[in-house]
Amino acid sequence: AATEHRLSHAAGEWKADLAQRLEAARLRFDWSFQTDRDVPLSVVQWSGLTRILRELVSNAIYHADAARVEVSLQLEDSMLTLQVADDGKGGDPAAWSHGLGLGGVRKRVKALSGEVLWRENGERGIVCHVRVEGFQGRG
């Protein structure tokens, strides 16, 4: 990993990686990235966000039986919001068996001092919402 990644650069890498993985799995991919400023990410922030995104998309590819995955990343003021939604089989997140993947997501979000919430995505699919308040990047 580079010693410093700017959020905009990392977002471009994430989009390219996820697009390649989802295309290979024949899933439609929608991406949204908005920021009110660019910030440098520490290695911990970059690594944590990279692994969170990869795990959430892996879940959609391998477990959701989805046709489409939507990823949105937004930084406004000091609030970083990441959302991954799919149109798969869904189900009640409270009833899931929480294996290493979901546990890893929780652990990484906690390391960023954030919160994570899974919920049903309307009639079909799951939405994972990650929120990190006080996100200042590396600074």
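- Crowding of His63 atom NE2: a count of heavy atoms from other residues, nucleotides or ligands under 6.0 Å exceeding 12.
- Rounding to the nearest 0.5 angstrom, the gap separating the CD atom in Gln136 from the CG atom in Asp77 is 9.5 Å.
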Should Gln74 and Leu80 be marked as a side chain to side chain contact (heavy atoms under 4.5 Å, CB included) after you check the CA-CA gap, both sets of side-chain angles, and the distance that decides it? CA-CA 6 Å; Gln74 180 176 353; Leu80 180 77; over 6 Å; no
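- Put simply, CG on Asn59 and CH2 on Trp118 are 8.0 Å apart, with the number rounded to the nearest 0.5 Å.
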Any chance you could lay out the side chain to side chain donor-acceptor pair (under 3.5 Å) test for Gln45 and His5, step after step, and finish with the verdict? CA-CA 9 Å; Gln45 291 167 328; His5 267 46; over 6 Å; no
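- Of the inter-residue distances, the one linking Thr35 atom OG1 with Leu75 atom CG reads 4.0 Å to the nearest 0.5 angstrom.
- The pair Lys15-Asp17 fails the salt-bridge criterion, with no side-chain N (NZ, NE, NH1 or NH2) lying under 4.0 Å from an Asp/Glu carboxylate O.
- Looking only at side-chain heavy atoms (C-beta outward), Leu82 and Val71 come within less than 4.5 Å of each other.
- Counting non-hydrogen atoms of neighbouring residues, nucleotides and ligands closer than 6.0 angstrom, the CZ atom of Arg37 exceeds 12 such neighbours.
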Criterion side chain to side chain contact (heavy atoms under 4.5 Å, CB included) on Leu117 and Cys128, from CA distance to verdict: CA-CA 6 Å; Leu117 173 69; Cys128 180; over 6 Å; no
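- Neither side chain, Glu115 nor His129, offers a donor N or O lying under 3.5 Å from an acceptor on the other.
- In this structure a side-chain-to-backbone donor-acceptor pair under 3.5 Å is present from Asp38 to Leu7.
- Rounded to the nearest 0.5 angstrom, Gln83 CD and Leu56 CG are separated by 11.0 Å.
- For the residue pair Ala60 and Val69, the shortest heavy atom distance occurs at CB-CG2, 3.6 Å.
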Are Trp31 and Leu22 close enough, and set up right, to give a side chain to side chain contact (heavy atoms under 4.5 Å, CB included), and what steps lead you there? CA-CA 12 Å; Trp31 170 267; Leu22 288 162; over 6 Å; no
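- Residues Val84 and Ile126 fail the side-chain proximity criterion, which asks for heavy atoms closer than 4.5 Å.
- A side-chain donor-acceptor contact under 3.5 Å links Asp86 to the backbone of Gly88.
- Note on Phe33: it clusters hydrophobically with Leu18, by side-chain heavy-atom contacts below 4.5 Å among ILVMFWY residues.
- Here the shortest heavy-atom pairing between Asn121 and Ala85 reads ND2-CB, 3.9 Å.
- Separation of atoms NZ (Lys107) and CG (Leu112) is listed at 12.0 Å; rounding is to 0.5 Å.
- For the atom pair CZ (Phe135) and CG (Leu49), the distance works out to 5.5 Å, reported to the nearest 0.5 Å.
- Side-chain contact, Ser47 with Arg108: no donor N or O sits under 3.5 Å from an acceptor N or O.
- Between Ala10 and Leu41, the closest heavy-atom pair is CB-CD1, 3.9 Å.
- For the pair Val57/Tyr62, no side-chain contact is recorded, criterion being any heavy-atom separation below 4.5 Å from C-beta on.
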Just do the salt bridge (Lys or Arg N to Asp or Glu O under 4.0 Å) check on Arg21 and Glu23 with the steps written out, would you? CA-CA 6 Å; Arg21 292 180 66 218; Glu23 181 181 346; over 6 Å; no
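- The 12-atom threshold is not exceeded at CD of Gln20, counting heavy atoms of other residues, nucleotides or ligands nearer than 6.0 Å.
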Please test Arg28 against Asp30 for side chain to side chain contact (heavy atoms under 4.5 Å, CB included), starting from the C-alpha separation and ending with a verdict. CA-CA 7 Å; Arg28 188 170 141 210; Asp30 294 319; 3.4 Å; yes
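- Side-chain contact between Arg131 and Met79 is present, with at least one heavy-atom pair separated by less than 4.5 Å.
- A donor-acceptor pair under 3.5 Å links the side-chain atoms of Asp87 to the main chain of Arg68, judged by distance alone.
- Val127 and Trp14 sit in two unconnected hydrophobic clusters of ILVMFWY residues. Membership requires side-chain heavy atoms under 4.5 Å apart, directly or through other members.
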